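Computed from a predicted structure; not experimentally measured.
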Amino acid sequence: MSRVHWNPDPVFLTRDAQVESVRRVGKQGDYLKMQIVQQCKHWETIAFGQAYKCAAAAVNMDLVYTVELNDWNQRQSLQLNRLHFSTFS
């Protein structure tokens with residue numbers, strides 16, 4: 001998605017999403033990548049610089065995010081860029 005300089009990216013809130021998997025990524029393992037599911041829809045998320053908040057799989061979370069295009073290894077997909085999240089059982 002291209003960024004328009006005079007308009008901020010839209011920010012979204014999703015409540016009660018289930019965490020399916022969690023892994024640290026990045027050269028120093030400081031990014032947190034998660035697979036989440038809500039209402040039978042599966043999403044890949046990334047949180048830059050938030051690996052210290054490592055959430056366990058099979059917990060539920062509320063998350064605030066922007067949507068971005070992930071262009072990695074000649075593959076493109078939509079991913080949720082987590083700005084903030086909180087977990088609960």
Side-chain angles (χ1 to χ4, degrees):
M1 304 199 145
S2 64
R3 175 172 276 204
V4 178
H5 295 287
W6 56 86
N7 289 326
D9 292 336
V11 176
F12 300 93
L13 167 67
T14 295
R15 295 193 182 273
D16 200 25
Q18 183 176 2
V19 178
E20 290 188 314
S21 67
V22 179
R23 65 187 167 110
R24 290 177 182 236
V25 297
K27 287 183 181 179
Q28 298 173 346
D30 54 346
Y31 305 156
L32 193 58
K33 200 154 192 86
M34 290 184 191
Q35 298 289 329
I36 63 169
V37 64
Q38 186 193 42
Q39 298 176 351
C40 300
K41 294 187 190 253
H42 297 260
W43 294 97
E44 184 173 284
T45 73
I46 188 133
F48 296 103
Q50 296 183 37
Y52 67 93
K53 294 182 178 180
C54 193
V59 298
N60 288 20
M61 69 172 11
D62 294 342
L63 62 152
V64 177
Y65 56 92
T66 59
V67 178
E68 66 183 24
L69 183 63
N70 181 20
D71 191 356
W72 179 253
N73 281 342
Q74 299 177 349
R75 286 185 41 191
Q76 291 185 337
S77 62
L78 289 180
Q79 73 178 1
L80 310 182
N81 183 354
R82 287 188 322 264
L83 305 173
H84 177 76
F85 65 96
S86 58
T87 60
F88 53 93
S89 300

*asked:* Using modelled atom types and a 3.5 Å cut-off, is there a donor and acceptor pairing between side-chain atoms of T45 and backbone atoms of L80?
replied: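 Side chain of T45 to backbone of L80: no pair is present.
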
With rounding to the nearest 0.5 Å, note down the distance linking [atom1] in [X] to [atom2] in [Y].
| X | Y | atom1 | atom2 | result |
| --- | --- | --- | --- | --- |
| R82 | L32 | CZ | CG | 5.0 Å |
| Q79 | Q35 | CD | CD | 10.0 Å |
| L13 | L63 | CG | CG | 7.5 Å |
| S77 | L69 | OG | CG | 7.0 Å |

*asked:* Which residues pass the side chain to side chain contact (heavy atoms under 4.5 Å, CB included) test with T66, not counting sequence neighbours?
replied: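 Scan of T66 (side chain to side chain contact (heavy atoms under 4.5 Å, CB included), adjacent residues dropped) gives D9, V11, N81, L83.
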
_Can you list everything that forms a side chain to side chain contact (heavy atoms under 4.5 Å, CB included) with Q28? Sequence neighbours excluded, please._
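Applying side chain to side chain contact (heavy atoms under 4.5 Å, CB included) to Q28 gives D30.
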
*How would you list all residue pairs meeting ring pair (Phe, Tyr, Trp, His ring centres under 6.0 Å) that involve residues 26-51, not counting sequence neighbours?*
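Of all non-adjacent pairs touching residues 26-51, those that pass ring pair (Phe, Tyr, Trp, His ring centres under 6.0 Å) are Y31-F48.
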
*If you group Ile, Leu, Val, Met, Phe, Trp and Tyr by side-chain heavy-atom gaps below 4.5 Å, do Y65 and V59 land in one group?*
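Y65 and V59: one cluster.
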
*If two hydrophobic side chains count as joined below 4.5 Å and joins carry through other members, does L78 share a cluster with M34?*
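Yes; M34 is reachable from L78 via cluster members.
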
*Check whether any side-chain heavy atom of F85 sits under 4.5 Å from a side-chain heavy atom of I36, and report yes or no.*
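The answer is no, as the side chains (C-beta and beyond) never meet within the 4.5 Å cut-off.
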
*Identify, with sequence neighbours excluded, every residue that meets salt bridge (Lys or Arg N to Asp or Glu O under 4.0 Å) alongside D16.*
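Counting only residues at least two positions away or on another chain, D16 forms no salt bridge (Lys or Arg N to Asp or Glu O under 4.0 Å).
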
_Co-members of the apolar cluster containing W72 [side chain, <4.5 Å]_ =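 Once heavy-atom contacts under 4.5 Å are chained together, W72 still belongs with nothing else.
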
_The criterion is side chain to side chain donor-acceptor pair (under 3.5 Å); which residues satisfy it with Q38, sequence neighbours excluded?_
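Per chain and number, Q38 pairs via side chain to side chain donor-acceptor pair (under 3.5 Å) with no residue.
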
*Tell me, please, which residues at least two apart from R75 pass side chain to side chain donor-acceptor pair (under 3.5 Å).*
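Scan of R75 (side chain to side chain donor-acceptor pair (under 3.5 Å), adjacent residues dropped) gives none.
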
*Which residue pairs pass the salt bridge (Lys or Arg N to Asp or Glu O under 4.0 Å) test with at least one member in residues 35-50, sequence neighbours excluded?*
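Pairs touching residues 35-50 that pass the test: K33-E44.
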
